[in-house]
Amino acid sequence: MKKRTHTCGQLTKADLNQTVTLQGWVASHRDLGGLLFIDLRDRYGKTQVVVHPEETPDLAGIAHTLHSEWVVEITGIVQARPEGMINKDMMTGEIEIKVSHLDILNTCPPLPFQIEDSSKANEELKLKYRYLDLRRPEMQEVLMLRHHISNIVREHFSAEDFIEVETPFLVKSTPEGARDYLVPSRIFEGSFYALPQSPQIYKQLLMVAGFDKYFQIARCFRDEDLRSDRQPEFTQIDVEMSFVDQNEIFDVIERLFVKILKEAWNQDLRTPFPRITYNECIEKYGSDKPDLRYGLEFHNLTEHFKGCEFHVIATALQEGGVVIGLNLKGKANLSRKQVTELEELAKKAGLAGILPLKLTAEGFKGVLAGKVDDQTLKAVAEQCQASEGDLLLMGIGKKSSILKGLGVLRVKLAEHFSLFDPIDRSKTSIFWVVDFPLFERDETTGEVSPSHHPFTGFHPDDEPMLTTEPWNVRSTAYDLVMNGNELLSGSIRIHDSKQQAMIFDLLGISEEEIKLRFGFLVDALKYGAPPMGGMAIGFDRVIMVLTNRPIRDVIAFPKTTLAQSLMDGCPSPIDPQLLTDLHLALIPPKNS
RNA sequence: GGGAUCGUAGUUCAGUUGGUUAGAACGCCGCCCUGUCACGGCGGAGGUCGCGGGUUCGAGUCCCGUCGGUCCCGCCA
């Protein structure tokens, strides 16, 4: 094997008449009989290679036997393509290599799917032959972008005086949060390590240790059911800072995202990013991660319908319900069938139904027209900023479920009517969500649980409410939302052990449990913990949003929705001796 | 745990109210071809219709179960 002199994406007219050696995969070969072309591919691009059987019959003999994805090495002279034969779609389209030497470095059986075309192939098959799927240029581009972004992240935080510290993979299992992936201890019979769900506690301990500014590109593990945006192992850009307020934290992160968007999309983001309160998000969009590339804001129309006799509305209002509407601009011309489709969308979104009201040249049309006086409807239309030709959709019922349902419907409507261009990067919507509630309350049991995590600080003004109405206490937590995706989540932490104890108490965790589970953290907070705050950026999700792809596409070797790897076949049974060493025995499944 | 959807040559798909020998394109094999670039032309091989059971004279098609992919709900601080 020789040494290659160039890559397959490199040569141009500037290299004419040079003798070069290329190595790569046969992307395609076109045998015209008296003339033979090979497209040679590596991760940098493709170069056309030409063989003339009349001049080099030996080479042609070898070239005839080539197949797709064989690995070959060629040496030859860079020559300009004849006039009219230039391929503008190829970076190297002005030249070709006239071969003087051809070596087959490796062969390849017929492929389970064609490389260039395999975006169409069955996902199961592509995951089984992941190394072939990753040979596709578009997959390579994604992973190369991921690499560039991780470089930017490391450069950014390093330049801002952060240091990257690695934290353990074998950690203590805590019953909080997601189900842990467990690792049995060989030495301590019956004891287990857990794989970390995040480095949260460790980074707080690093702050106590005085590291001041920390970051880490960290792998996290959660044994929960999967979705198109969730994998059992995923990557966070974990960040923590001491002696800072929210503004300073936001600043550092905004500067990072400005660089990322510039690198990936060549887009300039304006700073500071807007800040929207959690309550405003919920009231206006029914979501804590709304996509603001399109409008469809909600309007609370309840006041207009006070005393309304239309039974659906009257019943709902009697039970303390609400009427919330949104305006579909210019959709009053939808057919009956199309409106029925919208009603089905609403049901899929979890709403019992939706009341359409058309604003036409002949006046209002819909169930409410005639049942509710025009003056009321006019006031409703005015509040929704609706005019002739618009279609109002109204949800009626319990406020929390209507907001949630309409929030889901809003996303479906935007897709249904293509209200935004997913490719148009200039319309990027990025903003902070602030003032999250500290706790979530279980509606049936009334118990509270942390809405972020139990180390989240609370708004100082709301401290008196902690004991009286904890569910109304605002936290210091924040999210960053881009195009409808939560990209990061963070907070200012509690750095006072007494406050931390109080929160644990509110969460109903006994002192004994605290000692057992978080004793070391509570202890650490007593030993001079600085004020601190930070966040975890969902790195996979950032790449997903930048590439508009599902999470499997942005991870080199992902798992399926059953958390299996189809390529290596894990999880798999193990040698019984290993179980014995670990003091484990298998319990057979119930129905076998 | 629940719901939806998909599973037919190596691959992507078609296959009517259940009815003769399950088709096409790409790939593969053979022959032809001097400017192709997803080259083209002619010919050929290739199928346990995911798996198991049932209904029926007859099942790729209908029913039940099961395995797997994807999406969603629950779940994921």
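Note that this is a predicted model, so its numbers are computed, not measured. In the text below, chain A, chain B and the rest are named by the order of the sequence lines, each starting its count at 1.
For A:L127, counting side-chain heavy atoms from C-beta on, the closest listed nucleotide (B:rG69, B:rC71, B:rG74) is B:rG69. In this structure, of B:rG74, B:rC39, B:rC76, it is B:rC39 that holds the atom nearest to the side chain of A:L32. Side-chain proximity of A:T561 to B:rC76, B:rU70, B:rU34: nearest is B:rU70. Here the side chain of A:P82 is nearest to one of B:rG35, B:rG27, B:rC29, namely B:rG35. Closest to the A:Q564 side chain, of the nucleotides B:rG74, B:rG69, B:rC37, is B:rG69. Checking B:rG10, B:rG68, B:rC28 against the side-chain heavy atoms of A:P110 singles out B:rC28 as nearest. The A:D39 side chain lies nearest to B:rC37 when the options are B:rU11, B:rG68, B:rC37. The side chain of A:T560 approaches B:rG69 more closely than any other nucleotide in the set B:rC33, B:rG69, B:rG74. In the set B:rG1, B:rC39, B:rC37, B:rC39 carries the atom at the smallest distance from any side-chain atom of A:S28. Residue A:F37 places its side chain closer to B:rU36 than to any other of B:rC73, B:rU36, B:rC29.
With a 3.5 Å ceiling on both atom-pair distances, B:rC33 lacks any Watson-Crick or G-U wobble partner.
B:rC31 sits 26 Å from B:rA38 when the P atoms are compared, rounded to a whole Å. Spacing of C1' atoms, B:rU8 relative to B:rG23, comes out at 11 Å, to the nearest Å. Taking atom C1' in both B:rG7 and B:rG52, the straight-line distance is 16 Å, to the nearest Å. Comparing the same atom, C1', in B:rC6 and in B:rG44 gives a spacing of 33 Å after rounding to whole Å.
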In sequence, state the C-alpha distance, the side-chain angles, and the governing distance for A:D39 and A:K46, and then conclude on salt bridge (Lys or Arg N to Asp or Glu O under 4.0 Å). CA-CA 6 Å; A:D39 285 348; A:K46 274 191 237 172; 5.3 Å; no
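The aromatic rings of A:H453 and A:F455 sit tilted, their planes meeting at an angle between 30° and 60°. Using a 30° and 60° split on the angle between ring planes, A:Y129 and A:F113 fall in the perpendicular class, above 60°.
Side-chain contact of A:S198 with A:Q236: a donor-acceptor pair under 3.5 Å is absent, judged by distance alone.
By the 4.5 Å heavy-atom criterion applied to side chains, A:T47 and A:L22 are counted as neighbours.
For B:rC73, the OP1/OP2 oxygens have a side-chain nitrogen or oxygen of A:R227 closer than 4.0 Å. Checking the phosphate oxygens (OP1, OP2) of B:rC28, a side-chain nitrogen or oxygen of A:H67 falls inside 4.0 Å. Put simply, A:R222 has no side-chain N or O that comes within less than 4.0 Å of OP1 or OP2 on B:rC75. OP1 and OP2 of B:rU70 both lie 4.0 Å or more from every side-chain N or O belonging to A:S228. A sub-4.0 Å separation between OP1 or OP2 of B:rU36 and a side-chain N or O of A:R30 is absent.
Here A:E69 pairs with A:R41 in a salt bridge; the nearest charged N to carboxylate O distance falls below 4.0 Å.
With hydrogens and angles ignored, no donor-acceptor pair under 3.5 angstrom links the side chain of A:Q114 to the base of B:rU12. No N or O donor and acceptor, one from the side chain of A:E83 and one from the base of B:rG35, sit under 3.5 Å apart.
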